[in-house]
Amino acid sequence: MNREEFLEVYRHSLSHILAKAVIEIFGSENVQYAIGPQIADGFYYDFVLPRAIGPDDFKTIENKMREILKRKEEWKREEVTREEALKIFEGQKFKTELIEELPEGELITIYRTGDDFTDLCRGPHVDNSAELLGTAFEIRSASGAYWRGDEHRDSLQRVYCYAFPDKKQLKEHKDLIREAMERDHKKLGPQLEMFMFDPTAPGMAYWLPRGWKSYNALLDFWRGIHEVHGYNEISGPVLSKKELWVTSGHWGHYMDGMFIIPGETIDDDNTMALKPMNCPNAIKVYMNKPRSYKDLPLRINQVDVIHRKEKSGELNGLFRVQEFRQDDAHILVAEEQIADEIKDIMDIATQIYGTFGLTYAAELSTRPDNYMGDIEVWNKAEEDLKEILLDVYGEGGFEVNEGDGAFYGPKIDLKMKDALGREWQMGTIQLDFQLPLNFDMKYTAQDGTLKRPVMIHRAIFGSIERFIGILIENFKGAFPFWLSPVQVGVVPIREEHNAYAKEVMDLLRVNRVRAETDYSDKNMKVKIKTFKNYKDPYILVLGDKEAQERTVSINLRGSNKQIQNVPLDTFIEMCVKMNREYSLDMIESAENL
RNA sequence: GCUGGAAUAGCGCAGUCGGUAGCGCAACUGAUUCGUAAUCAGUAGGUCGAGGGUUCGAGUCCCUUUUCCAGCUCCA
């Protein structure tokens, strides 16, 4: 048995033990038990219980589980007919529903744990509870869930439980969770004074001076790359009349997600809505003048603020907000240009993600049943996309989600992994055959006929807000030099060193290095501590010696390592070099220049 | 929207049975002029998220509401 199978059997068996424990505590007549699958770090089980359970109950349940294991009961597998199964689970509505939905003739198996607990299950399981005695488990939390994930159906209580083969692995996992919590951008961001939220603007970040510096550094980097790849940036209105959204189809498909400013009534022509997406702006710009095949591909990028209304309870720090910016671009291409253009976008993505040391994987989503447009065009586009992905990642190097594309076109999603191995859906590249049709977009082809362009929507960061949230967690707030809110903290030792500190500050600023200093009469140790807490990459300590010799003494982030006697000009050169090269690592020695 | 939790000084927290709101850090003032992560002393700061109710009396109990958190669902 390999580790995966081992975990599956043990976790799944433990979930039965959890259900049995809960039933023993609350009484079988008071509990409806639904399903209890294994998940990445353990398992859960869904119940309907007579009351809400909380942390106080967890210990009780765990103890009951251990007590049950100590009984060393036999597990018996039985094959039963549909009728027998329905009889066994009489009164259990979820089990009954599951049984009734099993296809005619399908083998139904049940597992008995001891004499008093039976669960509908495919298995496999342990033969005796004794086998589970050595495992480590701990109830993590309880939360609400819906039967079959459908918010219109029964509301259940889901009990989550960690489960690992031994205590050591459980502890390692809990350490990882703790590490992730320490990196939580919702905690680190405000601590580093990067952003804040105010209750009067739920889900809309205030970017504080330090955070906005990083935000702009990120955009500068992004703009530089796009200039090279032939993009032209625009900005459009955030507020547009309803008419625009009716044409684009958002009024019909996305109304619930828009902040709407009604006229006399919402049906009034003067009703306006904040844009949830940028695409119509790019389209209007395209249609601003007659277009020829010579204009294509027309690459329009844009980072305007967009607003999307979310249902309450869905907001989550920078990861899920109601006001944000996307590193958006819309490219209008002729059909035959799709392949080359996608390839270029993938190059941009590789370069951008690589700069952060992040790896990413691609997923292709293909034509759904409710697709719109010409099937020939779809087939060609999907073939193109597949070919590109094969070319870049090789056979099996990417996932395909059949039928998961948007109704207006197939798409490639880019997912990246962070420092803790967590996956995030970030970038997306979507082909769109529909909007060019809705807006009746055209271009004059070489042969003089009018043709319709294809639109590519694409984003690499996805939401810039979310991306920064991910970066904060990935780097634990210790950003690469070029992205650090403030790059250099300057500490004059005594007030008489303020003049030299001012000179150093001026020189740093002239060279576009973001620096801060503290001219107050505070103790130098206090000044150093403040800048350390902000995670400034370099802290310069300036005293008599430095002022005299025009050098700096550098204290490096993350350690108390010091580099003494670095000529001021050399230090500036180091900073400029890291900014120019978007270096991931910090230069730690003047000799490395 | 649903389930469960939370909200007390700028931040992190304490506040017992319902009986005059506290601690640490930060801030401010003064002293200290200092060589690599917290110098010393003092001062000020709060309608306890908001609204209503119970009570002689509410941070504490009840109801409503807002925001946030853990999930569900949804998503960039």
Side-chain angles (χ1 to χ4, degrees), chain A residues 44 46-49 51-55 57 140-160 181 184 186-187 190-191 193 196-203 254 256-257 276-277 306 308-328 413-415 424-428 430 457 459-467 469-470 489 491-498 520-535 539-546 553-564:
Chain A
Y44 67 79
D46 286 343
F47 304 96
V48 174
L49 299 173
R51 64 172 173 88
I53 59 167
D57 299 296
R140 186 219 308 176
S141 59
S143 71
Y146 299 105
W147 173 234
R148 306 217 143 159
D150 184 340
E151 60 178 314
H152 302 295
R153 305 199 59 179
D154 294 73
S155 181
L156 309 166
Q157 290 198 63
R158 177 167 299 175
V159 180
Y160 284 95
M181 270 165 59
D184 189 344
K186 293 187 283 291
K187 214 171 108 185
Q191 233 169 55
E193 291 178 30
M196 57 173 248
F197 285 96
D198 186 83
T200 55
Y254 204 76
D256 288 344
M277 297 171 196
I306 58 180
R308 295 186 189 175
K309 202 152 96 185
E310 299 291 353
K311 289 192 258 175
S312 69
E314 284 178 335
L315 303 177
N316 178 15
L318 291 179
F319 287 167
R320 191 73 181 278
V321 288
Q322 297 198 112
E323 179 192 79
F324 59 109
R325 298 158 184 85
Q326 285 179 311
D327 65 317
D328 217 353
D413 284 326
L414 305 176
K415 289 190 168 175
W424 304 95
Q425 210 244 285
M426 297 297 321
T428 176
Q430 306 188 358
H457 309 249
I460 310 295
F461 298 142
S463 145
I464 299 172
E465 274 69 6
R466 173 190 281 186
F467 189 73
I470 292 169
V491 176
I493 292 180
R494 290 189 308 278
E495 284 182 88
E496 63 197 83
H497 304 124
N498 282 354
S520 77
D521 62 352
K522 277 195 204 115
N523 188 306
M524 67 169 283
K525 288 192 186 189
V526 174
K527 297 182 189 176
I528 290 172
K529 182 177 155 50
T530 310
F531 295 149
K532 287 260 185 191
N533 283 341
Y534 281 132
K535 297 186 196 278
I539 295 168
L540 303 183
V541 176
L542 307 179
D544 290 335
K545 201 173 65 155
E546 287 79 9
S553 159
I554 309 170
N555 185 316
L556 293 169
R557 178 177 61 197
S559 72
N560 284 325
K561 235 192 291 178
Q562 294 165 37
I563 318 172
Q564 309 276 359

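Chain letters run A, B, ... following the sequence lines, proteins first and then strands; every chain starts at 1.
Rounded to the nearest Å, the gap between the C1' atom of B:U3 and that of B:U73 is 12 Å. A distance of about 24 Å separates the P atoms of B:C25 and B:A21, rounded to the whole Å. Of the P atoms belonging to B:C34 and B:C13, the separation is 39 Å, rounded to the nearest Å. B:C62 sits 12 Å from B:U55 when the C1' atoms are compared, rounded to a whole Å. The P atoms of B:A9 and B:A41 are separated by 26 Å, rounded to the nearest whole Å. Rounded to whole Å, the P atom of B:A7 lies 31 Å from the corresponding atom of B:U43. Atom C1' of B:A50 sits at a distance of 46 Å from the matching atom of B:U32, rounded to the whole Å. Across B:G15 and B:A27, the matching P atoms stand 27 Å from one another, rounded to whole Å.
If you measure from atom CG of A:Asp521 to atom C1' of B:C28, you get 13 Å, rounded to the nearest angstrom. Distance CE (A:Met196) to C1' (B:U67): 13 Å, rounded to an integer number of Å. Note: CD1 (A:Ile493) to P (B:U36) measures 8 Å, nearest angstrom. Distance CE (A:Met524) to C1' (B:U39): 14 Å, rounded to an integer number of Å. Rounded to an integer number of Å, the gap from A:Leu540 CG to B:U36 P is 16 Å. For the pair A:Lys522 NZ and B:U33 P, the computed distance is 18 Å after rounding to whole Å. At whole-Å resolution of the value, CG in A:Leu542 and P in B:G35 are 15 Å apart. Protein atom CG of A:Asn533 is 18 Å distant from nucleotide atom P of B:U36, rounded to whole Å.
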Next item on the list: State the dot-bracket string of RNA chain B. Criteria: Watson-Crick or G-U wobble, both atom distances under 3.5 angstrom; notation: ( ) intrastrand, [ ] crossing earlier pairs, | interstrand, . unpaired.
Entry: (((((((..((((.....[..)))).(((((.......))))).....(((((..]....))))))))))))....

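Side chain of A:Arg466 to backbone of A:Gln425: a donor-acceptor contact under 3.5 angstrom is found. Between the A:Asp327 side chain and the A:Gly462 main chain, a donor and an acceptor come within less than 3.5 Å of each other. At distances below 3.5 Å, not a single donor-acceptor pair connects side-chain atoms of A:Glu193 with backbone N or O atoms of A:Pro190. Put simply, the side chain of A:Lys535 never gets that close to the backbone of A:Gly558: no donor and acceptor are under 3.5 Å apart. Remark: the backbone N or O of A:Pro492 is paired with a side-chain donor or acceptor of A:Lys527 at under 3.5 angstrom. Although no hydrogens or angles enter the test, the distance criterion places a donor-acceptor pair under 3.5 Å between the side chain of A:Gln322 and the main chain of A:Glu310.
A residue-by-residue look at A:Ser559 and A:Arg494 shows that A:Arg494 has its nearest nucleotide of RNA chain B further toward the 5' end. Summary of the strand contacts: A:Val526 and A:Gln564 both lie near RNA chain B, and taking for each the nucleotide with the nearest heavy atom, the more 5' one is attributed to A:Gln564.
Once rounded to the nearest 0.5 Å, the distance linking CE of A:Met524 with CZ of A:Arg494 reads 10.5 Å. Here the straight-line distance linking atom CG of A:Asn523 with atom CD1 of A:Ile528 works out to 8.5 Å at 0.5 Å rounding. Rounding to the nearest 0.5 angstrom, the gap separating the CG atom in A:Leu318 from the OG atom in A:Ser463 is 8.0 Å.
For B:U3, the base has no donor-acceptor partner in the side chain of A:Gln157 [N/O atoms by modelled type, under 3.5 angstrom]. Judged by distance alone, with hydrogens and angles left aside, A:Glu193 brings no side-chain donor or acceptor close enough to the base of B:G10 to form a pair under 3.5 Å.
You'll find the ring centres of A:Phe467 and A:Trp424 outside the 6.0 Å limit.
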Next item on the list: Let me have a per-nucleotide readout for nucleotides 69-76 of chain B, 5' to 3', with B, S or -, counting only protein heavy atoms under 4.0 Å.
Entry: SSBBBBBB

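Taking the centre and axis of the six-membered ring of A:Tyr146, the NZ or CZ atom of A:Arg153 falls outside the cone set by 45° and 6.0 Å.
Between B:U33, B:A38, B:G35, one nucleotide has an atom nearer to the side chain of A:Val541 than all others, and that is B:G35.
For B:C40, the glycosidic angle deviates from 0 by more than 90°, giving an anti base.
A:Gly203 comes within 4.0 angstrom of the backbone, heavy atoms only, and of no base. At the heavy-atom level, A:Asp544 lies under 4.0 Å from base atoms of the strands shown.
Contact check, A:Asn560 against B:U36: no side-chain N or O comes under 4.0 Å of OP1 or OP2.
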